[in-house]
Amino acid sequence: MIETAIQTFSSPVVLFFVLGLLAAFARSDLTIPEPIAKAMSLYLMAAIGLKGGVAVSKSGIDATVLSALGAGIAAGFILPLFAYAVLKTFGKLDRINSGAVAAHYGSISVVTFVTAVEILTGQAREPGGYMVAVMAAMEAPAILAGLMLARGVGSKDASLGGNRTTGDMMHEVFTNSSIVLLLGAFVIGMIGGADAFAPVSPFFEAGFKGVLCLFLLDMGLIAARRMMDSRSMTWRLVVIAIFLPIVNGAAGTLLGIGVGLDAGSAATLGVLCASASYIAVPAAMRLALPEADPGIYLTMSLSITFPFNVLINIGLISAFAAYLAGPTGVVP
Amino acid sequence: MIETAIQTFSSPVVLFFVLGLLAAFARSDLTIPEPIAKAMSLYLMAAIGLKGGVAVSKSGIDATVLSALGAGIAAGFILPLFAYAVLKTFGKLDRINSGAVAAHYGSISVVTFVTAVEILTGQAREPGGYMVAVMAAMEAPAILAGLMLARGVGSKDASLGGNRTTGDMMHEVFTNSSIVLLLGAFVIGMIGGADAFAPVSPFFEAGFKGVLCLFLLDMGLIAARRMMDSRSMTWRLVVIAIFLPIVNGAAGTLLGIGVGLDAGSAATLGVLCASASYIAVPAAMRLALPEADPGIYLTMSLSITFPFNVLINIGLISAFAAYLAGPTGVVP
Amino acid sequence: MIETAIQTFSSPVVLFFVLGLLAAFARSDLTIPEPIAKAMSLYLMAAIGLKGGVAVSKSGIDATVLSALGAGIAAGFILPLFAYAVLKTFGKLDRINSGAVAAHYGSISVVTFVTAVEILTGQAREPGGYMVAVMAAMEAPAILAGLMLARGVGSKDASLGGNRTTGDMMHEVFTNSSIVLLLGAFVIGMIGGADAFAPVSPFFEAGFKGVLCLFLLDMGLIAARRMMDSRSMTWRLVVIAIFLPIVNGAAGTLLGIGVGLDAGSAATLGVLCASASYIAVPAAMRLALPEADPGIYLTMSLSITFPFNVLINIGLISAFAAYLAGPTGVVP
Amino acid sequence: MIETVIRKRIEILADKALTKRVTDAIEKAEITGWTIVPVTSGKGREGHWREESVMGTDKVFVLTIAAEDKAMALAEELAPMLTNLGFILSMWDVQVIRGERF
Amino acid sequence: MIETVIRKRIEILADKALTKRVTDAIEKAEITGWTIVPVTSGKGREGHWREESVMGTDKVFVLTIAAEDKAMALAEELAPMLTNLGFILSMWDVQVIRGERF
Amino acid sequence: MIETVIRKRIEILADKALTKRVTDAIEKAEITGWTIVPVTSGKGREGHWREESVMGTDKVFVLTIAAEDKAMALAEELAPMLTNLGFILSMWDVQVIRGERF
Ligand SMILES: Nc1ncnc2c1ncn2[C@@H]1O[C@H](COP(=O)(O)O)[C@@H](O)[C@H]1O
Ligand SMILES: Nc1ncnc2c1ncn2[C@@H]1O[C@H](COP(=O)(O)O)[C@@H](O)[C@H]1O
Ligand SMILES: Nc1ncnc2c1ncn2[C@@H]1O[C@H](COP(=O)(O)O)[C@@H](O)[C@H]1O
Ligand code: NA
Ligand code: NA
Ligand code: NA
């Protein structure tokens with residue numbers, strides 16, 4: 001545990017995140033220009049997609065991959081139901097906001113995933129390359145589940161300047177820029193394979209960790225500023241934003257070990273379940289569920305859950321997976 | 001041919017372009033932030049200029065280089081005349097728009113050039129490094145030719161808020177940001193040579209293909225959106241936007257073989273003739289010929305000719321050059 | 001001397017700066033998009049901070065490092081006093097503008113520092129890695145000194161929409177984005193050390209010189225445009241903008257040799273004293289001393305002193321340090 | 001002296017993601033055009049927001065110039081969004097040249 | 001037809017670094033909100049400036065809509081900055097819907 | 001209460017590449033200054049455009065505040081460009097403080 005914590009806190013990626021948090025709390029005027037932040041997020045999506053696609057083009061799709069995919073997609077549909085129930089009862093949120101927040105917690109955070117892969121690799125528990133495919137597959141289901149919870153199936157909101165059907169919503173979700181780019185790059189990686197990837201790897205692979213540092217610096221700044229500005233947060237929501245990643249993380253890890261994944265991959269599935277989206281889902285919600293309050297869902301996912309996951313929970317989940325997998329690395 | 005097509009369509013650069021086209025046609029909200037797109041185009045100009053300058057500093061300027069330069073500049077003046085005639089008669093465009101479009105087809109597209117170099121290198125037909133100099137030399141002549149066709153020599157347009165002489169226009173053309181950067185970096189590369197280039201090569205060389213991927217993703221998005229929005233296109237103009245690159249490409253390749261270039265360099269000259277500018281020339285036209293309609297010249301060059309060249313015509317030209325050069329790689 | 005000049009003028013970094021100057025004087029429309037320029041400056045700060053921190057984590061903090069730090073901080077407090085006196089008397093500036101300009105010349109220019117390190121390394125006189133720490137330590141003292149000169153200790157400017165105390169000003173200075181990022185990255189580099197730095201080094205180290213080229217291209221453009229637009233410049237101020245870097249550079253070099261630094265490090269201390277800030281200090285002044293005229297302090301530091309240092313003065317200082325250190329490289 | 005006519009200039013602050021709802025309403029009101037101006041941050045009763053395009057919290061100003069009757073029809077059409085989606089609308093009279101374009 | 005009320009729209013051109021002085025004044029005048037619009041360059045009696053965020057020469061427009069009395073109080077509060085810091089202020093009447101928000 | 005005077009605020013939508021033609025006209029009309037505001041997209045009779053600086057299709061708003069007579073002289077000067085180059089101009093009265101600056 002302590003070793004994991006040291007590893008976490010000597011990673012430049014994590015340290016830049018902490019720098020961002022501290023700078024914002026100290027009310028520094030440090031900011032990453034808006035178009036750069038956006039470009040970095042696009043870059044990260046493309047790079048991760050490519051890497052995953054190349055990995056799958058090498059390994060092929062076997063039973064392990066399929067069961068990991070199945071487990072991920074199932075979690076994407078089920079986790080929002082649980083989250084919704086907690087948010088409506090204990091969290092005292094209304095239907096719309098409960099659905100919106102549930103979508104965030106059911107979906108995944110690409111950056112949390114990447115940070116977890118880095119930390120796990122540092123512990124000689126590198127997850128399988130196919131986990132990128134699992135991550136990609138987990139992005140959308142929770143958005144759909146959350147929208148249905150918030151709106152009811154097949155409803156229309158004619159009052160809001162449009163005749164928006166479920167079909168429209170599905171279109172908006174699946175053409176969301178981060179989903180298109182992640183999946184598109186994944187397919188490109190699969191088509192091209194390692195040979196085609198080689199000439200672009202200095203840009204997409206060698207540069208990756210450095211870009212991630214600056215991106216996390218920005219996320220630290222934004223998370224802390226949002227926390228300081230926040231008006232809609234209650235102590236109940238703060239509790240949920242810590243409770244859900246712990247429970248979902250443990251559940252995901254168990255599920256991963258259960259379907260036969262190695263410790264690193266199972267921990268990664270745990271992290272995916274524990275993480276809450278703050279890129280793809282908020283953007284989709286602004287479009288498909290504009291009445292929901294970003295002051296709630298972004299503050300929970302980005303300002304509380306994300307730091308908690310990066311700084312503490314990834315370590316916990318990794319230790320839990322190692323414990324479950326046993327000392328020989330085989331499920332006991 | 002089929003082999004070439006496979007090579008083309010497994011290149012990540014081309015695949016990202018296709019991804020951009022598809023995402024825009026699917027009405028995804030994916031967009032590259034504007035300042036990033038501009039920065040990528042500046043980066044590409046600087047990188048290509050440097051590379052060409054270093055290449056020429058190594059090879060020196062010999063008879064081959066001079067004849068390639070001469071052929072390129074001559075083509076830059078002559079191609080617009082042919083294009084202008086076709087556009088005015090078959091295309092039914094007015095004088096101003098015919099001149100503007102002719103300038104685009106007489107000039108060159110840097111990105112098409114780069115894509116061609118990549119594909120040709122993949123086929124063991126890498127063109128000579130001096131072809132960058134040829135490309136740079138071909139940028140401006142067609143702009144001047146097009147402006148004269150559109151306006152007549154020495155005319156003034158006092159009505160448009162200025163006393164704009166041919167001198168002013170020449171100044172605007174030669175201080176155009178992409179031309180300045182391409183030529184400036186070329187000269188820097190020549191002065192510094194390979195030694196000075198080494199410390200900056202991780203940035204300008206290793207990163208090049210990756211940036212090109214994202215730039216082409218953006219070009220795909222813009223080309224497809226422009227095609228869908230287009231109001232000024234007619235079937236006649238679409239035909240011309242396919243016909244000109246075929247004819248100019250064949251003519252350029254013949255010219256290249258004729259003046260004694262190797263197959264790869266001749267094919268590259270063909271591609272330069274076939275390509276239509278969509279960076280330097282539109283920007284120059286907006287300034288020097290603002291009455292011309294970007295809805296015509298940009299849609300033709302970027303939305304039709306550029307995809308046609310990248311996806312099909314480079315392959316055709318390369319095969320044609322190989323055929324002309326004969327199996328031994330020597331002109332038969 | 002001549003050899004140094006050749007070395008200076010075949011460095012791509014310097015050549016891109018010259019290209020920027022020439023393009024702007026030729027009234028080209030070349031511009032680097034604003035968010036990109038800002039991002040490059042943030043990148044350079046982070047990269048330099050990291051590098052320095054890693055260097056200090058390796059070398060540790062010994063007597064040399066401490067005396068270099070002491071010399072730098074002392075210079076940061078003393079140089080503004082001298083500059084202030086010259087500006088008020090010979091320069092005929094008022095109190096506020098004298099204080100503002102003095103802060104710029106007492107502080108340092110990160111980019112001048114980096115260019116000097118590059119040139120010195122090319123002459124086999126690479127300065128110690130701890131000089132980054134010296135540079136970081138020299139950023140703030142002169143800002144404080146300049147503000148006190150301009151305003152008097154403990155004054156308030158209630159008239160300007162606030163009750164701004166010295167405490168507020170100190171806060172603004174120390175939370176200035178470039179200072180936070182430079183120091184933050186320095187600490188990250190020290191905590192992580194070389195091992196943690198390795199995975200991010202392709203981004204922060206390999207890419208560094210290339211980014212510096214484009215950043216200097218932009219600085220050339222801005223410096224030249226500012227020079228052409230300038231209204232507040234007098235010949236007296238131009239003289240001072242050349243005189244101060246010569247005197248401060250010589251003094252700093254002597255000081256460096258005096259406290260026992262090697263020739264390269266002493267020359268670097270000289271360059272730091274000679275350089276005038278145009279990133280951190282102008283931004284801090286806009287906030288803390290908004291009545292001062294950027295047309296004076298930016299034109300002097302960026303448009304006159306910076307080119308003078310990069311193109312000429314670094315060479316002079318380096319030769320002076322070599323002379324002082326003697327042929328054996330030991331202080332005679 | 002050059003002749004000018006009076007038109008309404010309407011300015012709507014809306015979420016960038018929802019721009020299409022505003023421009024659809026403009027087209028429904030048969031107004032000939034619109035222009036988008038970026039905004040970077042703001043504060044209202046719901047607190048502070050900043051342009052964060054990664055998370056989709058960015059807003060824009062949609063500007064359009066139209067004859068009074070069309071402007072009022074547009075305001076009517078947008079009214080529910082002002083309440084439900086937190087948009088802000090203001091309008092005023094402007095002089096334009098070549099009024100037939102608007 | 002939809003009901004509109006008249007409010008003042010105030011627009012202040014200020015240095016980006018000094019935005020907080022303007023928004024503090026807006027809050028002091030008890031106005032409910034403001035919106036920041038970017039600007040990229042300009043020219044005045046002091047010459048030409050360009051947005052150069054590296055050196056901190058960038059400016060912004062701060063927009064705010066308020067009832068006349070609050071608007072005048074704000075103008076009063078900002079007047080010294082117009083002189084000392086080179087800010088520019090203009091204001092005019094606009095029609096708004098849901099006037100209780102402003 | 002603080003004193004205000006009435007001036008015209010003129011707003012011209014123009015191609016970024018052609019900004020200089022507008023600011024030259026402003027200077028010709030002896031107006032003291034102008035400010036450039038970015039715009040990102042729009043739609044008119046000629047269809048949809050988007051800010052694409054790579055291809056030079058970007059536009060800007062040029063704002064200037066001036067006394068009525070100078071404003072009208074500027075409008076007169078710009079009129080041919082409105083027709084030939086597709087610029088758009090609107091203007092209205094605003095109150096300013098320190099009117100001697102405009
Ligand atoms: N009085 C106002 N003047 C200008 N902009 C405002 C005003 N009130 C609100 N806004 C803008 O509208 C946004 C949403 O307002 P609200 O719904 O009140 O939070 C704010 O964040 C501001 O950008
Ligand atoms: N008449 C004007 N119309 C619009 N903007 C102006 C005007 N005068 C000044 N400005 C803006 O205010 C800034 C500062 O003006 P000044 O203090 O006169 O240099 C200028 O750079 C312009 O951006
Ligand atoms: N009624 C309008 N209101 C606001 N902006 C307009 C209007 N009409 C045109 N525009 C802007 O002016 C540009 C050129 O208009 P047009 O020449 O009609 O295509 C459009 O793309 C819009 O950005
Ligand atoms: Na999750
Ligand atoms: Na061509
Ligand atoms: Na100094």
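The chains referred to below are lettered A, B, ... by the order of the sequence lines, with proteins before strands, and numbering in each begins at 1. Below, each value reflects all heavy atoms present in this structure, side chains not excepted, and no hydrogens, waters or symmetry copies.
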Query raised in the report: If you draw a 6.0 Å radius around NZ in K70(D), do more than 12 non-hydrogen atoms from other residues or ligands fall strictly inside?
Result: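 Counting other residues, nucleotides and ligands, NZ of K70(D) exceeds 12 neighbours.
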Query raised in the report: So which part of R9(D) gets closer than 4.5 Å to some heavy atom of chain F, the side chain, the backbone, both or neither?
Result: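 Just the side chain, heavy atoms under 4.5 Å.
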Query raised in the report: Are K28(F) and E30(F) within salt-bridge range, i.e. N to O under 4.0 Å?
Result: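 Judged by the 4.0 Å cut-off on N to carboxylate O distance, K28(F) and E30(F) do not form a salt bridge.
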Using side-chain heavy atoms (C-beta onward) and a distance below 4.5 Å, is [X] in contact with [Y]?
{"X": "F87(D)", "Y": "L89(D)", "result": "no"}
{"X": "M91(D)", "Y": "E11(D)", "result": "no"}
{"X": "F102(D)", "Y": "I88(F)", "result": "yes"}
{"X": "L85(D)", "Y": "L18(D)", "result": "yes"}

Query raised in the report: With respect to I26(D), which candidate in L74(D), I10(D), T32(D) satisfies the side-chain contact (heavy atoms from CB on, under 4.5 Å) definition?
Result: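 Only one option passes, and that is L74(D).
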Query raised in the report: Is chain D contacted by the side chain of L13(F), its backbone, both, or neither, given a heavy-atom distance below 4.5 Å?
Result: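 Only the side chain of L13(F) comes within 4.5 Å of chain D.
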**Report entry** Top contributor to chain D contacts, counting heavy-atom pairs under 4.5 Å, from D93(F), T83(F), V37(F)
**Finding:**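 The answer is T83(F).
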Query raised in the report: For chain F, which residues from residues 38-68 of chain D have at least one heavy atom closer than 4.5 Å to it?
Result: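 Listed by number, the contacting residues are P38(D), L63(D), I65(D).
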